[in-house]
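Quick notes on the structure that follows.
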Amino acid sequence: MIIQNEHLAIREITLKDKEIMAHWLSDPRVLQFYEGRDNPHDEQLVAARFINRHDETARCIVEYKGRAIGYIQFYPVLAEERKIYGYGSQEKIFGTDQFIGEPDYWNKGIGTELVKFIKPYLFESLGADRIVMDPQTENKRAVACYEKCGYRKVKLLEKHELHEGKMRDCWLMECKKA
């Protein structure tokens, strides 16, 4: 377990999570803003993209009251992304990506709780000076969630992400260490 509180737990992804991730990443409702509806994942693709990778990204399952309901990853922002985002090399910056894979758990405040929950871990345990995200501008629910959690839009990233065959605009959103 990486971190947990009374409701949420974030733990590293394992091979046993292949099936649930494939389930989430083949649901068009989830894929609408994460990976794309034209990119469903089977267990083999999940293993290749999320489990059998060895880099600086922490890939994790989110559990709510003991049930796996989503995914979060966090990683140090490297030089190429720093340049795109307009950051220098002085600060320790982490990026995060997350989704709730169980639509029955949407619109219940769990995503907001998750985004707030990971912040102290990244700031205090990993020493981040900033945390950034780059949601698609069309993902209004995610943008509103991040703003509720103290993130602010700092830059429009035009044609930043290939999603469902089109380059999509994204917001660079950040939260600075207090």
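Note that the structure is a prediction, hence the values are computed from the model and not measured.
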Inset, instruction - Answer yes or no: is there a side-chain heavy-atom contact under 4.5 Å between Tyr151 and Val143? - result: no
Legend entry - Donor on one side chain, acceptor on other, Glu81 and Tyr75, under 3.5 Å: no
Inset, instruction - Hey, can you tell me if Phe33 and His163 have their rings parallel, tilted or perpendicular (30° and 60° cut-offs)? - result: parallel
Legend entry - Nearest-0.5 Å distance that lies between atom CD in Glu19 and atom CD in Glu43: 5.5 Å
Legend entry - Straight-line distance of Ile10 CD1 to Glu63 CD, nearest 0.5 Å: 10.5 Å
Legend entry - Under 3.5 Å donor-acceptor, Lys92 side chain and Leu126 backbone: yes
Inset, instruction - May I ask whether Trp171 and Val77 are part of the same hydrophobic cluster, defined by side-chain heavy atoms of I, L, V, M, F, W, Y residues being less than 4.5 angstrom apart, directly or through others? - result: no
Inset, instruction - Ignoring hydrogens and angles, state whether a donor on the side chain of Gln73 or Tyr71 is under 3.5 Å from an acceptor on the partner side chain. - result: yes
Legend entry - Side-chain donor/acceptor of Arg59 to backbone N/O of Ile51, under 3.5 Å: no
Legend entry - Cluster link Tyr146 to Val132, ILVMFWY, side chain under 4.5 Å: no
Legend entry - Side-chain ion pair, Glu147 and Arg152, N-O less than 4.0 Å: no
Legend entry - Cluster check Leu31, Val46: I/L/V/M/F/W/Y, side chain < 4.5 angstrom: yes
Inset, instruction - Apply side chain to side chain contact (heavy atoms under 4.5 Å, CB included) to Trp106 and Arg29, showing your working. - result: CA-CA 11 Å; Trp106 291 357; Arg29 297 169 295 177; 3.6 Å; yes
Inset, instruction - Give, for atom CD1 of Ile69 and atom CD1 of Ile20, the distance between the pair rounded to the nearest 0.5 Å. - result: 10.5 Å
Inset, instruction - Can you measure from OG (Ser89) to NZ (Lys83) and round to the nearest 0.5 angstrom? - result: 13.0 Å
Legend entry - ILVMFWY cluster, Ile72 and Ile131 together (side-chain gap under 4.5 Å): yes
Legend entry - Donor-acceptor under 3.5 Å (Trp24 side chain, Val30 main chain): no
Inset, instruction - Keeping the roles fixed (side chain from His41, backbone from Asn39), state whether a donor-acceptor pair exists under 3.5 Å. - result: yes
Inset, instruction - Check whether more than 12 heavy atoms from other residues, nucleotides or ligands sit under 6.0 Å from atom CD of Glu12, and answer yes or no. - result: no
Legend entry - Met133 CE to Thr96 OG1 distance, which is reported to the nearest 0.5 Å: 3.5 Å
Inset, instruction - Look at the side chain of Lys119 and the backbone N and O of Cys149, then say whether any donor-acceptor pair between them is shorter than 3.5 Å. - result: yes
Inset, instruction - Determine, stepwise, if the pair Met21 / Ile13 fulfils side chain to side chain contact (heavy atoms under 4.5 Å, CB included). - result: CA-CA 10 Å; Met21 283 287 289; Ile13 196 169; 3.8 Å; yes
Legend entry - Asp97: salt bridge (charged side-chain N to carboxylate O under 4.0 Å, His left out) partners, not counting sequence neighbours: none
Legend entry - Set of salt bridge (charged side-chain N to carboxylate O under 4.0 Å, His left out) partners for Glu35, sequence neighbours left out: Arg49
Inset, instruction - Would you confirm whether Arg82, through its side chain, and Gly88, through its main-chain N or O, come within 3.5 Å as a donor-acceptor pair? - result: yes
Legend entry - Any Tyr64 side-chain heavy atom under 4.5 Å of Ile100 side chain: no
Legend entry - Closest non-hydrogen atom pair, Ala22 against Asp42: CB-C, 3.8 Å
Inset, instruction - Side-chain contact test, heavy atoms from C-beta onward, threshold under 4.5 Å: evaluate it for Ile3 versus Ile118 and give yes or no. - result: yes
Legend entry - Contact summary for Phe99 and Leu25, nearest pair of heavy atoms: CZ-CD2, 3.9 Å
Inset, instruction - Output, in order, the C-alpha distance, side-chain angles, deciding distance and verdict of side chain to side chain contact (heavy atoms under 4.5 Å, CB included) for Thr14 and Ile61. - result: CA-CA 9 Å; Thr14 69; Ile61 295 295; over 6 Å; no
Legend entry - Close side-chain approach of Phe74 to Tyr121, heavy-atom, < 4.5 Å: yes
Solution key, residues 153-162 side-chain donor-acceptor pairs under 3.5 Å, sequence neighbours excluded:
from, atom 1, to, atom 2, distance (Å)
Lys155, NZ, Ile84, O, 2.9
His160, NE2, Asp134, OD2, 2.9
Glu161, OE2, Gln136, NE2, 2.7

Inset, instruction - Please answer whether the main-chain N or O of Leu122 pairs with a side-chain N or O of Ser125 as donor and acceptor at a distance below 3.5 Å. - result: no
Legend entry - Shared hydrophobic cluster, Met167 / Tyr34 (ILVMFWY, side-chain heavy atoms < 4.5 Å): no
Inset, instruction - Return the set of residues passing salt bridge (charged side-chain N to carboxylate O under 4.0 Å, His left out) with Arg141 (not counting sequence neighbours), or none when no residue passes. - result: none
Legend entry - Residue list, side-chain hydrogen bond (donor to acceptor under 3.5 Å, both in side chains) with Glu91, at least two apart or on another chain: Arg130
Legend entry - For Glu102, salt bridge (charged side-chain N to carboxylate O under 4.0 Å, His left out) partners two or more places apart: Arg67
Inset, instruction - Could you check if a side-chain atom of Asp129 sits within less than 4.5 angstrom of a side-chain atom of Ile93, using non-hydrogen atoms only? - result: no
Inset, instruction - Any chance you could measure Leu45, atom CG, to Ser26, atom OG, to the nearest 0.5 Å? - result: 11.0 Å
